[in-house]
Asker: 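Before I ask anything, let me first share the structure, which is written out below as structure tokens.
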2 protein chains.
Amino acid sequence: MVTIKDVAKHAGVALSTASYALSGSDKVSPKTRELVLQAAKELNYQKNGFAMDLKRKSTKTILLILSDLSGPYYSELIRGTQEVTLSNGFDLIACSSVGGADSTAYKFLQERRVDGAIVLDPNISEHLLRESAREGCPIVVMDRYVEGDFIMNVAADNVQGGYEATRYLMEKGHRDIAWIGGPSNSLGSQHRKEGYLKALQEEGIANTKWMLVGNFTEEGGYHSTKVLLMQEERPTAIFYGNDEMAIGGYKALREFGLSVPGDVSIVGFDDIQVAEYLSPPLTTVRQPKYEMGTMAAHLVFQAMGGEYVNKSYKLKIELIERLSCQPPRLAPNRGKGMET
Amino acid sequence: MVTIKDVAKHAGVALSTASYALSGSDKVSPKTRELVLQAAKELNYQKNGFAMDLKRKSTKTILLILSDLSGPYYSELIRGTQEVTLSNGFDLIACSSVGGADSTAYKFLQERRVDGAIVLDPNISEHLLRESAREGCPIVVMDRYVEGDFIMNVAADNVQGGYEATRYLMEKGHRDIAWIGGPSNSLGSQHRKEGYLKALQEEGIANTKWMLVGNFTEEGGYHSTKVLLMQEERPTAIFYGNDEMAIGGYKALREFGLSVPGDVSIVGFDDIQVAEYLSPPLTTVRQPKYEMGTMAAHLVFQAMGGEYVNKSYKLKIELIERLSCQPPRLAPNRGKGMET
DNA sequence: GAAATTTATCGAAACGTTTCGATTTGTTTT
DNA sequence: AAAACAAATCGAAACGTTTCGATAAATTTC
């Protein structure tokens, strides 16, 4: 492999001079710079990035950890982090935690291969995060809450989102509103439910029988909805913990001969790409993904620069009104069986 | 920062012994190993990955270059590469070419930070590819064709795909089939068109007026379709260079009061996730993305191992039949204006 | 034109590992 | 108990850079 040493020799100059020339320092005279550059070109010299990082003690790259590199979920968020990272002159690489303890994520975090990280992944252990976060490598964790030095949190305000979606339905006249949530280890899902319950309580509604869990998949939403519909009393609206499950819900409702929004109103959560193409287009809640992305990246850089930053940020959420909701046709269940 | 030197000192042992102990060599006695491990834990030692790579002259990671980290397009493909990479004990990181010559992609390729690369990105220059590909870093380029040492190509057989989609329409009775393609710098789009023309020619059909270009976006498909529909004579079917454009086409057709597939049949290309949720669900052509991904990764490893491999691979494509096509209602245009 | 000053080049140390060959320690054989 | 051998530990070189302080060359000043 051709190294800077070879280039120097070929240009008839000292190794250090070659280094200066290649990095564009003005300590070197124009003609020798030309000489060195020429030699580098002739030998097809490619610098070894590690050696540089090793000496410089900085990598100028930040790592984005996703639970699944192939997930479509992150799109806007990634765009946000990427823009900020780039405009700070840093590089962004992404990897996943697939493979557990010998996943790429672990390796890069543990072996100090990056100067900062943004984690969008429930699988990375808090222990690893705390162990890896340090002065030279601040970490922003999204959609979960972990405490520690040089660890910051960014999340959408899921409580507010759940609350607003539920209020929206109530303002349309619904009182019998079911909740089909995500897995219980999802903090986001928990918070959405919290907001949902809060809205209900404010109106003195106590729902006990229409709360189910899916697993954030279309399949899960489908099954849970079927279970829900087989009960004696049916809600007039269903609030799903995410859009995928709402899609499953559409299917189940169709099978039961129920129309959306005629017979039951639906609201989802996330505003994934397909949401607007469903029939009817799905009313849902949108997280400010792009803003979350830029915020996360900014935090990393601020923490890197030693600036004092808050540990935890929550971003506001927005309701996207489409056509899957309307006032309840009639309210056969109202007031009946709703009090515990 | 705590280094292996500190660990060694703290354990009262030579630096080299500490290294052996930490890397689990059996040259070291059980008790000293324990001693060293203990010391490492106490000091919260984290190895420096670069230093290791530098010495070992290998990084054990391969790079996936995407034109846009946030695109949903690649999902299955990424999954394929990831699985193979992981099962070979390597790591996979992804980055994008956003930022041009000082993008992350350039930096990682040029600075030899990886042992192999898979490129899914029209923006990476052939020059850079040829410069960076070498014995220790084979490169697989997807959906385009570039020649060079240690460079291999993997693509779907777009010609075949274009051909089969067109034949499918012809077998339903269509003869007036329009083509709305992607940008002309897309090799894939060119090939699809080639297949389309081949199918037409076999039946002696020479289409000259119904060939337009979009830019692979919904917007582009919408506009091109409008242009198409404003012509005097209209086709009975439209074949789009990708699904996004077909979605735009749906919209334009609706605005013109034309129904799909009643008035005009549509076939897309790619089978993106939303395709099956459109109304009507879109008949389209699916590339074997997962297989393309695994194949690309396997090629990298084979080339790395010095195995001889072919330079270029094409994978078969599959038609996904949904509900956006039916025989033409009547054939007012048939035979008229079709001969040049 | 010699002294002083600037500019250009150089040599060597350092970054944190791995790994080779040498040395020391411990165990077996005679 | 000395000789022979194996096992454990050590010291030092190497990987390819950057960068500091020292030297050499070119330029200015008097």
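Letters go in sequence order (proteins before strands), and every chain restarts at 1.
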Asker: Pick base, sugar-phosphate or nothing for Lys5(B), based on heavy-atom distances below 4.0 Å to the nucleic acid.
Answerer: nothing
Asker: Can you tell me the distance, in whole Å, between the NZ atom of Lys27(A) and the P atom of dC10(C)?
Answerer: 12 Å
Asker: Need one value for Thr32(A): base, sugar-phosphate or nothing, where a base atom within 4.0 Å counts as base even if backbone is also close, heavy atoms only.
Answerer: sugar-phosphate
Asker: Please answer whether the main-chain N or O of Thr294(A) pairs with a side-chain N or O of His298(A) as donor and acceptor at a distance below 3.5 Å.
Answerer: yes
Asker: Output the rounded distance in Å from NZ (Lys55(B)) to P (dG16(C)).
Answerer: 16 Å
Asker: Cation-pi check, Arg113(B) to Phe108(B): give yes when NZ or CZ is under 6.0 Å from the six-membered ring centre and within 45° of the ring axis, no otherwise.
Answerer: yes
Asker: From the options dG16(D), dT9(C), dT19(C), select the nucleotide whose nearest atom is closest to the side chain of Ser16(B).
Answerer: dT19(C)
Asker: The side chain of Met52(B) lies closest to which of these nucleotides: dT17(C), dT19(D), dT9(C)?
Answerer: dT17(C)
Asker: Could you state the atom-to-atom distance from CG of Leu54(A) to P of dA13(C) in whole Å?
Answerer: 17 Å
Asker: Do side-chain atoms of Thr17(B) reach the backbone of Val13(B) as a donor and acceptor pair under 3.5 angstrom?
Answerer: no
Asker: At under 4.0 Å, does any side-chain N or O of Ser23(B) touch on OP1 or OP2 of dT18(C)?
Answerer: no
Asker: Is the shortest side-chain N to carboxylate O distance from Glu76(B) to Arg79(B) below 4.0 Å?
Answerer: yes
Asker: Select from Tyr45(A) and Pro30(B) the residue whose nearest nucleotide in DNA chain D is closer to the 5' end of that strand.
Answerer: Pro30(B)
